[in-house]
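Reviewing the structure listed below.
This one's a predicted model, so the numbers in the text were calculated from it and none came from an experiment. Note that these values count all heavy atoms, side chains included, but never hydrogens, waters or copies made by symmetry.
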Amino acid sequence: MFRDSPQSRLFLAVLVVAAVVLIAVDARPGGNPVTALARGGGELVFAPTAAGVGLVTGPAAELYEAVRQGPEAADRIAELEEANAELESQLAAARLDDGRADQLDELLHLSGLGSYEVVPAQAVTRTTARGYAHTVTIDAGTGSGIRPDMTVVNGSGLVGRVIEAGPRTSTVRLATDVNSTVGARLEQTRKIGAVTGGTVPGGPEADMTLELFDMEAPIESGDRVVTLGSHDGAPFVPGVPVGTVDEVQVAPGALSRIARLTPAVDFSSLDVVGVVVGGPDEDPRDSVLPPEPEPEGDR
């Protein structure tokens, strides 16, 4: 080790002065014998120090180069990258499972409020076959007790109804399909009408359109709509949230009032759904609807 002492400090000062002198001498052009002698002396003094530094740093540099270029290192890097990709895939799957668990909880909550007996399923594909604009295939069928003309819901509200059922899969016509019509009623006034998928003649562009049969029925933006219910609950059980009135329109000469609905269900991200295999003994009326948000002034 280099010890700190008056002699060592003096030696260090001499080296620094000598280095400065050598830099100045080396910068001078020409082949002056004096400068050549000074350069030679500098090499003689500093060469051992440079060699010592080389001995210390050389192995480290060689080790770095070996790691950088070695095939074993490349293989190890590839293994680490593969393991990292697998971990990312596992995390994504865990997040997906968590999301589906939340959707299942919401579905069971809705079915409990409405006293619906449901068979959970997953919407596995979305198709546009046989003239239907909006249909999905679910991974449950007759083996699970599913039959055509059963209501399909998720944790937010009405998805559609079963139109075909096989042993393990079923086809569901979504409520947004242009061939879909659902008996419906308003939450507060209990006025009835029909919800059609898409836009009706004379109505605004919409994913769902409500036609009220009473031209004098009060209706405004924000009113909520639920299913009216069919005889024996087929194809629709009562009380399922359908959507919220977004815009009201009265077409000249029309026999009904027309309103555009915002669907209760996000049809662009269907995943976990439930087929209602047993309806309620009594109409749940508006009990399945979520609580209305409080006005801004009451918060």
Side-chain angles (χ1 to χ4, degrees), residues 110 114 116 128 130-136 148-154 156-164 171-267 270 273-276 279-280 282-290:
L110 180 141
Y116 310 131
T128 57
R130 304 188 184 183
Y132 301 128
H134 298 144
T135 60
V136 296
D149 283 339
M150 286 183 169
T151 310
V152 182
V153 299
N154 73 358
S156 298
L158 181 68
V159 172
R161 70 182 180 94
V162 177
I163 56 175
E164 292 182 3
T171 302
V172 177
R173 181 193 294 175
L174 303 181
T176 52
D177 186 89
V178 294
N179 294 309
S180 172
T181 302
V182 183
R185 62 172 178 80
L186 290 174
E187 173 187 7
Q188 295 182 350
T189 65
R190 307 189 66 79
K191 294 296 183 178
I192 64 173
V195 173
T196 304
T199 304
V200 300
E205 289 289 328
D207 291 324
M208 285 181 178
T209 303
L210 169 66
E211 293 185 81
L212 280 180
F213 301 142
D214 186 353
M215 285 290 293
E216 304 299 325
I219 180 174
E220 59 184 21
S221 177
D223 287 348
R224 299 187 293 182
V225 179
V226 298
T227 55
L228 179 63
S230 310
H231 179 66
D232 290 334
F236 298 106
V237 294
V240 180
V242 178
T244 304
V245 173
D246 180 52
E247 178 185 342
V248 182
Q249 180 173 322
V250 179
L255 300 178
S256 60
R257 302 192 72 181
I258 300 173
R260 178 173 64 198
L261 293 186
T262 298
V265 169
D266 182 2
F267 288 93
L270 283 179
V273 300
V275 181
V276 181
E282 297 181 357
D283 186 345
R285 299 184 180 273
D286 301 328
S287 63
V288 184
L289 287 168

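Nearest approach of A264 to S156, heavy atoms of both residues: O-CB, 3.3 Å. When all heavy atoms of V195 and A184 are compared, the closest pair comes out as CG2-CB, 3.6 Å. Across all their heavy atoms, R257 and A217 have their closest contact at NH1-O, 2.6 Å. The two atoms that bring F267 and V159 nearest to each other are CE2-O, 3.3 Å, heavy atoms only. When every heavy atom of G239 is checked against every heavy atom of V288, the shortest pair comes out as O-CB, 3.4 Å. A259 and I219 get closest at one heavy-atom pair: CB-CD1, 3.9 Å.
Looking at heavy atoms from C-beta onward, L210 lies out of side-chain contact with I258 at the 4.5 angstrom threshold. In this structure the side chain of P238 never reaches within 4.5 angstrom of the side chain of V226, judged on heavy atoms. Side-chain contact check for M150 versus V172: every heavy-atom pair is 4.5 Å or farther apart.
Within the model, atoms CG of D149 and CD1 of I163 stand 9.5 Å from one another, a figure rounded to the nearest 0.5 Å. Rounding to the nearest 0.5 Å gives a distance of 9.0 Å between NZ of K191 and CG of L212. The structure places OG1 of T176 at 12.0 Å from CG of L261, a figure rounded to the nearest 0.5 Å. Note that the CD atom of E247 and the OG1 atom of T209 stand 10.0 Å from one another [nearest 0.5 Å]. Note that CZ of F236 and OG1 of T227 are 8.5 Å apart. Values are rounded to the nearest 0.5 Å. For the atom pair CE of M208 and CG of L158, the computed distance is 6.0 Å after rounding to the nearest 0.5 Å.
The main-chain N or O of L174 is never found under 3.5 Å from a side-chain atom of H134 such that the two would form a donor-acceptor pair. Between the side chain of T196 and the backbone N or O of T181, no donor-acceptor pair lies under 3.5 Å. With R185 contributing its side chain and R285 its backbone, the two residues share a donor-acceptor pair below 3.5 Å. Checking side-chain atoms of R224 against main-chain N and O of L289 turns up no donor-acceptor pair under 3.5 Å. Counting only distance, with no hydrogens or angles, the side chain of T244 and the backbone of D223 share no donor-acceptor pair below 3.5 Å. Without hydrogens or angle criteria, D177 side chain to N179 main chain gives a donor-acceptor distance under 3.5 Å. Judged by distance alone, the side chain of S287 and the main-chain N or O of P284 form a donor-acceptor pair under 3.5 Å.
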Verify side-chain contact (heavy atoms from CB on, under 4.5 Å) between Y116 and V153, making sure each step is shown before the conclusion.
CA-CA 10 Å; Y116 310 131; V153 299; 5.5 Å; no
